[in-house]
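Numbered from 1 within each chain, the chains take letters A, B, ... in sequence-line order.
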Amino acid sequence: MNLGFVVGVIGVLILSHAAYSTIQYRGLLKIMEEEFSRPPMNVLLELIVGLALCMWAALTFPGKFLSIHPDSDENRTVSLPDSSEFMIFNHRGRLFPPQIDMKF
Amino acid sequence: MVTKTEETELNQFEIQVENGGGGAWEYLCLVRKLKLRRSEKVLKHGSSILNDPRKRSALGPDEWTLNEQVAIAAMDCQCLDVAQKCIKVLQKKFPGSKRVGRLEALLLEAKGLWGEAEEAYSSLLEDNPLDQAIHKRRVAISKALGKPSIAIELLNKYLQLFMADHDAWKELAELYLSLQMYKQAAFCYEELILSQPIVPLYHLAYADVLYTIGGIENLISARKYYAATIDLTGGKNTRALLGICLCASAIAQLSKGRNKEDKDATAALELHSLAAAAVEKEYKQKVPAKLQLVSSVLRSLKI
């Protein structure tokens, strides 16, 4: 978990650095009065690296994913809970009480 | 809802605890979470924890929940003195509590003193008229006295107030089934399916009721609901597979004289043979001794 968190933080920092570089580049272009078509190559590379790191962290950090198949073993309902709110006590089992002694 | 992983975990715990390994407290917590009725085991292991002062103090505030759980289990096993002791402990700790008052009335029920129990519940209801558990216990008293019609009446009134209570709808369906009022039971199961469409057991029960009522439209609907159950359980429910085979054979018998549309007949035939093959495969895997019996039954059901 810790590694995922650290990698996520690094990824976010790289992305914010790429954003800052792009803003600075645009400022530079405004001074030189040129068109802004796309950020420079190194910023693009930084963006791709940041994307990969953030995606890896987002999948690793939250932990185990839950299953959504209704027929997987974690989700498949095998039996319903016995209705303990409606249970009645005059069944045949009351003729065979187990021997329990309480010492408290 | 008890899922498959929870069931295997529960069985493992049960075997471990029965053979003297530790883990009694985890087992009791699991039983309480899944709301199962394992009264003898809960009583045995819960009382062993409560008898040991070290283990009891290790529980901390959960001791009182354990007392409640053991009290109810003791009432179910008819060890009324154990139940009385647990309730006395709880009364000392929480005097004047409604929850303990409910337990006392439950003890009166377990002793068979239905009149006093009914009075106790009415007095508890005067203080809080919207207590769900007390209404349900009154239904249970009528059920225990062998008056299912009164129980049905009380339960209907309760459901008018609390329409979202699944356990109550399930109980009402079972009461109707015990009186063979199948159409009303089918209505209850429809309510359950509407509120929880992912649970396959409601589809299965509804299909069973439709199959019991009979008639060709009901049989076709029953087949659809068996198919829905198979879809939701990934084919692991043998009862639904057998249900499809039975429905198909019953439909074929009823529609011998009529002309069926061709595409429905071919789909039905394919479904029937696939279900039969799945049943045989499962029997071969789990109970190969009975495979021949099952094969001969399925052959006699073939259209």
For the residue pair A:Phe89 and B:Leu107, establish whether any side-chain heavy-atom pair is separated by less than 4.5 Å. no
Are B:Ile72 and A:Met87 packed together at the side-chain level, in the sense that at least one heavy-atom pair is separated by less than 4.5 angstrom?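 Of all side-chain heavy-atom pairs linking A:Met87 with B:Ile72, at least one is under 4.5 Å.
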Does CZ belonging to B:Phe162 count more than 12 external heavy atoms closer than 6.0 Å?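 Count over threshold, so yes.
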Other residues, nucleotides, ligands: >12 heavy atoms within 6.0 Å of A:Ile68 CD1: no
Nearest 0.5 Å, what's the [atom1]-[atom2] distance between [X] and [Y]?
X	Y	atom1	atom2	value
B:Arg138	A:Phe86	CZ	CZ	12.5 Å
B:Asn237	A:Thr77	CG	OG1	10.5 Å
A:Arg76	B:Leu201	CZ	CG	10.5 Å
A:Ile88	B:Arg137	CD1	CZ	9.0 Å
B:Lys4	A:Ser79	NZ	OG	9.5 Å

Is [X] close to chain A through its backbone or its side chain, or both, or neither, when contacts mean heavy atoms under 4.5 Å?
X	value
B:Leu36	both
B:Leu155	side chain
B:Ala168	both

Is A:Asn75 in contact with chain B via its backbone, its side chain, both, or neither, using a 4.5 Å heavy-atom distance? backbone
Which of the residues [options] is involved in the greatest number of heavy-atom pairs with chain A at under 4.5 angstrom?
options	answer
B:Glu171, B:Glu174, B:Glu7	B:Glu171
B:Ala144, B:Ala133, B:Ala140	B:Ala144
B:Glu109, B:Arg37, B:Lys35, B:His166	B:Arg37
B:Met75, B:Glu40, B:Gln132	B:Met75

Among B:Cys77, B:Ser39, B:Ser47, find the one that has a side-chain contact (heavy atoms from CB on, under 4.5 Å) with A:Pro98. B:Cys77
Main chain of B:Asp76, side chain of A:His91: is a donor-acceptor contact present, judged purely on distance under 3.5 Å?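 It does hold such a pair.
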How far apart are the closest heavy atoms of B:Tyr202 and A:Leu80, and which atoms are they? CE2-CD1, 3.7 Å
